[in-house]
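See below for the structure under consideration.
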Amino acid sequence: MRFVIGKEIANVLGVGNIPEIRNTSTEKGKGDFSSPVGFMMAKRLKRRPDDITKELSEKLSTKPWAEKIEYKGGFLNIYLAHYYLLEHLYTLSDEQYKDIAQFTPQHGKKIQVEYVSANPTGPLHVAHGRGAAVGSALVNIFKHIGLDATSEFYINDGGEQIKKFALSILERVKEIKGLPSDIESIEGGYKGEYIKNIAKQILETYPNILDMPLDKAIEVASDLGISLMLRDQKAVLKTYRVMFDVWRSEKDIRKEGWVEKTINLLKEKGLTYEAEGALWLKTTAFGDDKDRVLIKQNGEYTYFAVDVAYHFEKHIRGFDIVYDIWGSDHYGHIGRMKAAMKGLGLPDDFLQVIVIQIVRFLKDGEPIKMSKRAGTFTLLSELIDLVGVDAARFYFLMYSPDNSMDFDLDLAVKKSMDNPVYYVQYSYTRALSLKRKAEESGVSIPTLDELKDALEKYTPSDEERLLLVNLADVRYQLMLSAKNLSPHYVVNYAKDLAGMLHSFYQSKRVLDAESGSARVFRMALVDRFIEVMGLLHDLMGIEKKEHM
RNA sequence: GCACCUGUAGCUCAACAGGUUAGAGCGCAGGCCUCCGGAGCCUGAGGUUGGGGGUUCGACUCCCCCCAGGUGCACCA
């Protein structure tokens, strides 16, 4: 709706850009939507603010969407026509959702969203849950509004950690065989219970693994360990309703020679130098506070070098914008990566990191101490078992990623009304139940013609108006989330809509309405609510419940 | 020390691109179905938006300086 109005205002004024339109439906006396267009354009058009809004109100009042347009100083207050809103909602197609892409800065770009990208050296940690929820919801929204987005999981199956992972497994193998073993001897080794399970499974396939040369044993242990962990991670993510378009392996990036190619390119550009037996990249030339090592003294690539190569490879694959969703513990990595991208000659907006702030999990009001390496962590799968997929996702999506959050496990377990996910899901179930009842008693969803007729006799109440106007705002709300790179706009919108539905439901009878025309209108409203709210459920990745 | 994030009602958080009277939920006080699902609704109390300057017709929002909390500052990933 706002896109329609904005374009018309721009047309009347003969300006290219669309002015700000605010949703003022919950405020009294400001119309359904309002725009400070008079103030915004006064300087540019060299006219008085109220002169601009006066002209607009006169010229736009005849439009089919306008019920009434008032101006107050530089503000234009717009009241929308009921029939037009319903017609808009009735005819909202996938193509019209896809039209919104043009109003986002990412329009026309090939976008990649890389998230989770956990090490395949253990099960997914509960802290992965936030990035996974945000990433998947964001990609859902991107795709729905017609942005060209691809989701990707980077499998960190190369490098030093993998070696430690394999050595940890081998120590556990020794332990199982009753040989002397010392897991503590591996610095930064993996001590979790799951390592023992991997060791057991390895022994089933390779009973004599300890007789192999160490290199070979490490290879066998890491390969099998990685594939088991990856299988486990994929299963949990599937349960968590997180799917990836592409799974890209670090090992493959290395094998395909991207690291050499990228380092050679940087060398050719004169951006590297040797010092202290290592090869360095001059990231300070591009804003980093320190130069970074690409090749270590021992001849191995740093994680940084491989990651630069991986991102260069993303560029070669044709992505214009790459969103990496990282935990705040990776903050230190951002500056050097951006510097490296600049060094490679990529545009400033190529790599955009969405930093997800820390999540603390509270139990009995106290933060739980979690340490991955020590093996005392809480798993994402455990969180799902505890609070359910819907509550976990919803809770993570509710907050802006910039905000560090506390996840109160006791509260989420309660499955009570404290938990907003039930509030939202209940609104959908309630509307659905109403529609079901209507169908049972032979009341059908009205056609547009029937609505036009009904609205000549019936004037909607405030509650009905509020719901209608806000349902018609759905595309704008999706655009906000996409533009600002956070699903929390959509979640809050869903919460607002749910409240409006409950409020409407409580104040007006639908099936046994006071008049036929009132019932026709309300049935349409309920039906459109189900449509919009259902979409929001899908985008957030929470279940649409027929019964609760 | 430097960089980034955060600071809004008792608590957890919103506030769209700077826009009209800063909003929800929980909690608190009171009220509401003989009736479509009460997991709900309505009313009320509760705010100097951490502090101080500045820009602007207009600042929670932008700029500067403080204060407080968090995170990061590896030849780890």
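Only heavy atoms go into these numbers, but all of them, side chains included; no hydrogens, no water, no symmetry mates. To find a chain, count down the sequence lines: A is the first, B the second, and so on, and within it residues start at 1.
Distance CG/Asn77(A) to OH/Tyr71(A): 12.0 Å, rounded to 0.5 Å. Taking CD1 of Ile141(A) as the reference point, atom NZ of Lys483(A) lies at 14.0 Å (rounded to 0.5 Å).
Remark on RNA chain B: of its neighbouring residues Lys164(A) and Ala498(A), the 5'-side contact belongs to Ala498(A), judged by nearest-heavy-atom nucleotide. Position along RNA chain B of the nearest nucleotide to Asp406(A) versus Asn156(A) favours Asp406(A) as the more 5'-ward residue.
The same atom, P, is picked in A22(B) and in A74(B); the two are 46 Å apart, to the nearest Å. When the C1' atom is compared between C65(B) and U55(B), the two are found 15 Å apart, to the nearest whole Å. Between the P atoms of C4(B) and C11(B), the separation comes to 29 Å (whole Å). One C1' atom belongs to A9(B), the other to G44(B), and the distance between them is 14 Å to the nearest Å. The same atom, C1', is picked in A15(B) and in C57(B); the two are 22 Å apart, to the nearest Å. The same atom, C1', is picked in A24(B) and in C67(B); the two are 29 Å apart, to the nearest Å. Rounded to a whole angstrom, the distance from the P atom of G46(B) to that of G23(B) is 14 Å. One C1' atom belongs to C28(B), the other to U12(B), and the distance between them is 16 Å to the nearest Å.
In this structure, of U20(B), A39(B), A74(B), it is U20(B) that holds the atom nearest to the side chain of Glu27(A). Here U6(B) is the nucleotide among G40(B), U6(B), A15(B) with the atom lying nearest to any side-chain atom of Asn403(A). Nearest to the side-chain atoms of Lys483(A) among the listed nucleotides A39(B), C16(B), A77(B) stands C16(B). With G40(B), U20(B), C13(B) as the candidates, the nucleotide lying closest to the side chain of Phe75(A) is U20(B). Comparing A17(B), C36(B), C76(B) against the side chain of Asn484(A) picks out A17(B) as the nearest. The nucleotide whose nearest atom lies closest to any side-chain atom of Leu434(A) is, among C36(B), C5(B), A39(B), C36(B). If you check G19(B), A74(B), G38(B) against the side chain of Glu20(A), the one that comes closest is G19(B). With C36(B), A74(B), A15(B) as the candidates, the nucleotide lying closest to the side chain of Arg22(A) is A15(B). Candidate nucleotides C5(B), A14(B), U71(B) were compared by shortest atom distance to the side chain of Asn492(A), and A14(B) ranks first. The Ser503(A) side chain lies nearest to C42(B) when the options are C13(B), U20(B), C42(B).
Base-pair partner of C62(B): G54(B) (Watson-Crick or G-U wobble, both distances under 3.5 Å). When Watson-Crick and G-U wobble pairs are counted only if both distances are under 3.5 Å, A3(B) pairs with U71(B). Across all strands shown, G40(B) is found opposite C32(B) as a Watson-Crick or G-U wobble partner, with both distances under 3.5 Å.
For G37(B), the base has a donor-acceptor partner in the side chain of Ser433(A) [N/O atoms by modelled type, under 3.5 angstrom]. Contact of Gln477(A) with C16(B) (side chain to base): no donor-acceptor pair of N or O atoms is detected under 3.5 Å.
Residue Lys296(A) places at least one side-chain N or O under 4.0 Å from the OP1 or OP2 atom of C76(B). For Arg336(A) and C73(B), the shortest distance from a side-chain N or O to OP1 or OP2 is not below 4.0 Å. Proximity of Lys338(A) to the phosphate of A3(B): no side-chain N or O atom is located under 4.0 Å from OP1 or OP2. Between His488(A) and A15(B), a side-chain N or O to OP1/OP2 separation shorter than 4.0 Å is present. Contact annotation: Tyr423(A) reaches the phosphate of C41(B) (side-chain N/O to OP1 or OP2, under 4.0 Å). Contact between the side-chain N/O atoms of Tyr154(A) and the OP1/OP2 oxygens of A77(B) is not found at any separation under 4.0 Å.
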Check against salt bridge (Lys or Arg N to Asp or Glu O under 4.0 Å), Asp51(A) and Lys54(A): CA-CA 5 Å; Asp51(A) 183 45; Lys54(A) 185 172 182 235; over 6 Å; no

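Among all heavy-atom pairs drawn from Ile325(A) and Gly135(A), the shortest one is CD1-CA, 3.4 Å.
Near RNA chain B, defined here as any heavy-atom distance below 4.0 Å, the residues from residues 323-335 of chain A are Ser328(A), Asp329(A), His330(A), Tyr331(A), Gly332(A), His333(A), listed numerically.
Residue Lys163(A) is classed as having no contact, given no heavy-atom separation below 4.0 Å to the nucleic acid. Among the heavy atoms of the strands, none lies under 4.0 Å from Glu187(A). At a threshold of 4.0 angstrom between heavy atoms, the contacts of Thr429(A) include nucleobase atoms, whether or not backbone atoms are also involved. In this structure, Arg522(A) reaches neither bases nor backbone, as no heavy-atom distance under 4.0 Å exists between it and the strands shown. Nucleic acid contact for Phe304(A): none, since no nucleic acid atom lies under 4.0 Å from a heavy atom of the residue. Counting non-hydrogen atoms under 4.0 angstrom, Asp496(A) reaches nothing in the nucleic acid. Among the heavy atoms of the strands, none lies under 4.0 Å from Asp289(A). Counting any heavy atom pair closer than 4.0 Å across all strands shown, Lys72(A) reaches a base atom. As judged by a 4.0 angstrom heavy-atom cut-off over every strand, Glu160(A) is placed among residues touching the sugar-phosphate backbone only.
When only modelled atom types and interatomic distance are considered, Asp324(A) and Tyr154(A) share no side-chain donor-acceptor pair under 3.5 Å. For the 3.5 Å distance criterion, the side chains of Glu250(A) and Tyr303(A) fail to qualify, holding no donor opposite an acceptor.
Proximity of Leu536(A) to Tyr493(A): side-chain heavy atoms (C-beta onward) are separated by under 4.5 Å at one or more points.
Classification of the Trp326(A)-His330(A) ring pair by plane angle, with boundaries at 30° and 60°, yields tilted.
Counting heavy-atom neighbours within 6.0 Å of Glu546(A) CD, excluding the residue itself, gives a total of 12 or less.
In this structure, the aromatic ring of Phe39(A) is positioned over the six-membered ring of the base of G19(B), centres within 5.5 Å and planes within 30°.
Salt bridge annotation for Lys68(A)-Glu70(A): present, with a cationic side-chain nitrogen under 4.0 angstrom from a carboxylate oxygen.
Of the possible donor and acceptor atoms, none in the side chain of Ser503(A) sits under 3.5 Å from a partner among the backbone N and O of Gly499(A).
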